[in-house]
*Asks:* 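So that we are looking at the same thing, I have put the structure below in structure tokens.
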Amino acid sequence: MPLALLALAVGAFGIGTTEFVMMGLLPNVADDLRISIPTAGHLVSAYALGVVIGAPLLAAVTARLPRRRVLIGLMVLFVVGNALSAAAPDYHLLVAARFLSGLPHGAFFGVGAVVATGLVAPERKARSVSLMFLGLTVANVVGVPVATLMGQQLGWRATFLAVSAIGLAAVAALALLVPADHGHGSAVGLRGELRALGSLPVWLALGTTVAGFGALFAAYSYVTPMLTDSAGYAESTVTVLLALFGVGATAGNLLGGRLADHSLRGTLFGGLGALALVLALFPLLMRAEWSAAVAVTLLGTAAFVTGSPLQLMVMEKAAAAPSLASSANQAAFNLANAGGAWIGGLALAAGFGATSPAVAGAGLAVLGVAVAGLAYGVDVRRGSAGGRLVATHVPETRTHA
């Protein structure tokens with residue numbers, strides 16, 4: 001695997017850290033800015049809104065630019081957003097800075113996935129995407145806990161300065177490791193990218209992402225009350241269990257990448273089916289501490305097995321112009337985050353019990369299987385069910401800028 005994938009993983013690590021660390025710093029931010037914790041929670045929403053808007057927008061306006069230059073520019077914008085977050089004097093400017101920080105998120109993963117698959121042989125495309133996503137999953141194991149601890153000890157502003165430093169390291173890595181003559185922008189331009197995004201197979205692939213990861217977030221958004229109210233864990237030990245989720249997600253991401261290189265659609269169906277099964281078993285597994293720990297780990301594994309296949313599926317369906325569709329998949333991921341949390345909350349509010357969000361998530365996973373099946377049926381009718389992957393392979397070059 002080329003070293004350029006390391007540069008993409010460093011950027012993903014920084015993005016994953018800044019996305020999730022705010023959840024652990026809400027009390028610190030609320031105290032410092034003299035706002036309530038629910039009000040501080042809007043900082044999480046501001047970032048997610050930036051992702052949803054920025055992913056297709058930035059991918060579209062940069063469609064004709066060299067992708068290496070686009071990746072560096074996106075990471076510079078990421079550094080600026082986090083530096084402004086660290087310096088924000090009040091709540092309103094912090095909201096704006098968090099929105100700015102979220103803008104490059106989806107486009108970086110979208111364009112990065114296109115670059116990653118172009119650096120390797122066709123039979124390693126899924127693994128290349130999983131190695132880029134490795135930075136995101138490792139961020140949940142290492143980056144978020146360390147950054148949260150830093151914010152608690154040194155102040156929340158220090159956390160965002162540290163994330164800015166990670167972003168600068170990613171800029172340097174991208175400039176040094178991504179070949180200068182690799183990854184030219186789409187020849188079809190913005191109009192062609194939009195036309196590719198409008199096809200039914202692309203929308204079915206995006207719908208699978210929303211349903212599949214909506215299943216994850218329906219449960220994960222409420223995993224703390226499940227662990228404390230059902231499994232009997234003390235709140236102080238929940239952080240360790242969330243690290244187990246990160247370990248499971250990292251393992252699932254790597255496993256999914258390897259399996260998808262052999263059978264993209266088989267890995268997708270298998271991952272979604274496994275996710276539905278794990279979530280359906282949550283009410284049983286949350287009755288004891290040991291089985292609850294197993295459940296959290298398996299949740300991360302089953303969910304992230306589908307990460308690389310879903311990203312590649314979208315790119316396959318928009319093979320002529322994959323950047324915009326690939327970035328739109330990241331917007332779909334964040335819509336799944338918000339929608340899954342909302343559906344899980346409805347189950348809780350209806351009084352169905354602490355583990356009811358997981359059961360709702362199981363239903364969403366089954367819906368994901370159904371949408372993926374519908375997509376397969378459309379491919380069969382169009383005679384493209386055997387299509388494998390994306391873009392033409394671009395051999396790795398050692399020419400750096």
*Asks:* Taking only residues two or more places apart in sequence or in another chain, which ones pass side chain to side chain donor-acceptor pair (under 3.5 Å) with Asp32?
*Replies:*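 Applying side chain to side chain donor-acceptor pair (under 3.5 Å) to Asp32 gives Trp156.
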
*Asks:* Determine the interplanar angle of the Tyr91 and His42 rings, folded into 0 to 90°, and report it as parallel if under 30°, tilted if 30 to 60°, perpendicular if over 60°.
*Replies:*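 Tyr91 vs His42 ring planes: tilted.
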
*Asks:* For a 4.5 angstrom cut-off between non-hydrogen side-chain atoms, does Phe333 reach Phe217?
*Replies:*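 When only atoms from C-beta onward are counted, Phe217 and Phe333 do touch, with a gap below 4.5 Å.
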
*Asks:* Using distance alone, with no hydrogens and no angle criterion, decide if Asn253 and Ser130 have a side-chain donor and acceptor under 3.5 Å apart.
*Replies:*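 On atom types as modelled, these side chains do not qualify, holding no pair under 3.5 Å.
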
*Asks:* Among all residues two or more places apart in sequence or in another chain, which pass the ring pair (Phe, Tyr, Trp, His ring centres under 6.0 Å) test with Phe245?
*Replies:*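 For Phe245, the residues satisfying ring pair (Phe, Tyr, Trp, His ring centres under 6.0 Å) (neighbours in sequence not counted) are Tyr220.
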
*Asks:* Once rounded to the nearest 0.5 Å, what's the spacing between atom CG of Leu33 and atom NE2 of His92?
*Replies:*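 NE2 of His92 is found 10.0 Å from CG of Leu33.
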
*Asks:* Nearest 0.5 Å, please: how far is CD1 in Ile53 from CG in Leu103?
*Replies:*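 Separation between the atoms: 7.5 Å.
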
*Asks:* To the nearest 0.5 angstrom, please state how far the CZ atom of Arg124 sits from the CZ atom of Arg258.
*Replies:*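 That separation rounds to 7.5 Å.
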
*Asks:* Can you name the nearest heavy-atom pair linking Thr267 to Ser263, along with the distance?
*Replies:*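 That closest heavy-atom pairing would be OG1-O, 2.7 Å.
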
*Asks:* Please evaluate residues Leu174 and Val171 with respect to the criterion side chain to side chain contact (heavy atoms under 4.5 Å, CB included), reporting the C-alpha separation (whole Å), side-chain torsions for both, the decisive distance (0.1 Å), and the verdict.
*Replies:* CA-CA 5 Å; Leu174 291 166; Val171 169; 5.6 Å; no

*Asks:* Please find out if less than 6.0 Å separates the ring center of Phe133 from that of Phe13.
*Replies:*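 So the answer is no for these two rings.
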
*Asks:* What heavy-atom pair brings Leu43 and Arg98 nearest, and what distance separates the two atoms?
*Replies:*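 Minimum heavy-atom contact is O-NE, 3.8 Å.
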
*Asks:* So, taking the atom named OG in Ser326 and the one named CD in Glu316, what distance separates them when rounded to the nearest 0.5 Å?
*Replies:*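 Answer for the OG-CD pair, Ser326 versus Glu316, is 13.0 Å.
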
*Asks:* CG/Leu77 to CE/Met75 distance, rounded to the nearest 0.5 angstrom?
*Replies:*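 The CG atom of Leu77 sits 9.5 Å away from the CE atom of Met75.
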
*Asks:* Take atom CZ in Arg69; do more than 12 heavy atoms of anything else shown fall under 6.0 Å from it?
*Replies:*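 Counting other residues, nucleotides and ligands, CZ of Arg69 stays at 12 neighbours or fewer.
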
*Asks:* On a heavy-atom basis, which atom in Ser85 and which in Ala97 lie closest, and how many Å separate them?
*Replies:*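 Minimum heavy-atom separation between Ser85 and Ala97: OG-CB, 3.4 Å.
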
*Asks:* Between Pro145 and Asn140, what is the shortest heavy-atom contact and its length?
*Replies:*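 In this case the closest contact between Pro145 and Asn140 is CD-O, 3.7 Å.
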
*Asks:* Less than 4.5 Å apart, side chain to side chain, heavy atoms only: is that true for Leu84 and Leu94?
*Replies:*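 Contact flag for Leu84/Leu94 side chains = no.
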
*Asks:* Between CG of Asp90 and CZ of Arg34, what distance do you get to the nearest 0.5 Å?
*Replies:*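 Result: 12.5 Å between the selected atoms.
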
*Asks:* Nearest heavy-atom pair of Ala354 and Leu348: which atoms, and what distance?
*Replies:*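 Shortest heavy-atom separation between Ala354 and Leu348 comes out as CA-CD2, 3.9 Å.
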
*Asks:* Between Phe78 and His105, is the ring centroid distance below 6.0 Å?
*Replies:*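 When the ring centroids of Phe78 and His105 are compared, they turn out to be at least 6.0 Å apart.
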
*Asks:* Hey, mind stepping through Leu299 and Phe282 against side chain to side chain contact (heavy atoms under 4.5 Å, CB included) and telling me if it holds?
*Replies:* CA-CA 9 Å; Leu299 176 63; Phe282 252 55; 4.0 Å; yes

*Asks:* Looking only at heavy atoms, which two atoms of Ser101 and Pro104 are closest? And how far apart?
*Replies:*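 Taking Ser101 first and Pro104 second, the nearest heavy atoms are O-CD, 3.2 Å.
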
